[in-house]
Amino acid sequence: MERKRTMVDLQQLDLLEQKIVKATELIRSLRRERDAALASLEKSQEALAQAQSRSAASEKERREMQEITEHLDILKDERLEIRGKVTRMLEMMSHLDETPVESRKDH
């Protein structure tokens, strides 16, 4: 009877050892998966930071382009205004050239 009990205890120890080996392998596997997930997370965070940095730079460039466009529109308006003034001045000068000739004829 004692021998049978010893056999049962050894079988239980063997089963326990097998369970411990499986648990240890599972823990190692889970740690590898965790480490891989953490590495992937770190890469993703770096990629996100770079994307945010590019986005901020793009937004800054967009604002600068908008300012340049607004400035260009102002310059175009000023050019049209100057062109109109120069045209009026040339017309007035043209009338001046005609006027003295007519006044001389009147004298």
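Just so you know, these numbers use all the heavy atoms, side chains as well, and skip hydrogens, waters and symmetry mates. Residues take their numbers from the sequence shown, with the count starting at 1.
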Name the one of Leu75, Asp73, Ile68 that satisfies side chain to side chain contact (heavy atoms under 4.5 Å, CB included) with His71? Leu75
Could you check whether any side-chain N or O of Ser40 sits under 3.5 Å from a backbone N or O of Ala36, counting only pairs where one atom can act as donor and the other as acceptor? no
Reported CG-to-CG distance for the pair Asp9 and Asp14, which is rounded to 0.5 angstrom: 11.0 Å
Can you tell me how far the NZ atom of Lys85 sits from the CD atom of Glu78, to the nearest 0.5 Å? 10.0 Å
Can you tell me how far CZ of Arg31 sits from CG of Leu38, rounded to the nearest 0.5 angstrom? 13.0 Å
Neighbour count >12 (heavy atoms, 6.0 Å) for atom CZ, Arg34: yes
From CD (Glu46) to CG (Leu41), nearest 0.5 Å: 10.0 Å
Is Glu67 salt-bridged to Arg63, going by a charged N under 4.0 Å from an acidic O? no
Going from CG on Leu90 to NE2 on His95, what distance comes out if it is rounded to the nearest 0.5 angstrom? 11.0 Å
Taking Arg54's backbone N and O only, do any of them form a donor-acceptor pair with Ser58's side chain (distance below 3.5 Å, no angle check)? yes
Output yes when a side-chain donor or acceptor of Thr87 lies under 3.5 Å from a complementary backbone atom of Arg83, and no otherwise. yes
Answer yes or no: is there an ion pair linking Arg62 with Glu59, defined by an N-O contact shorter than 4.0 Å? yes
Side chain to side chain contact (heavy atoms under 4.5 Å, CB included) between Leu72 and Lys76, intermediate numbers included: CA-CA 6 Å; Leu72 185 59; Lys76 285 179 181 178; 4.0 Å; yes
Backbone N or O of Ile20 within a donor-acceptor pair of the Thr24 side chain at under 3.5 Å? yes
Nearest 0.5 Å, please: how far is CD1 in Ile27 from CZ in Arg32? 12.0 Å
Would you check if Lys22 and Leu26 make a side-chain contact, meaning some heavy-atom pair closer than 4.5 Å? no
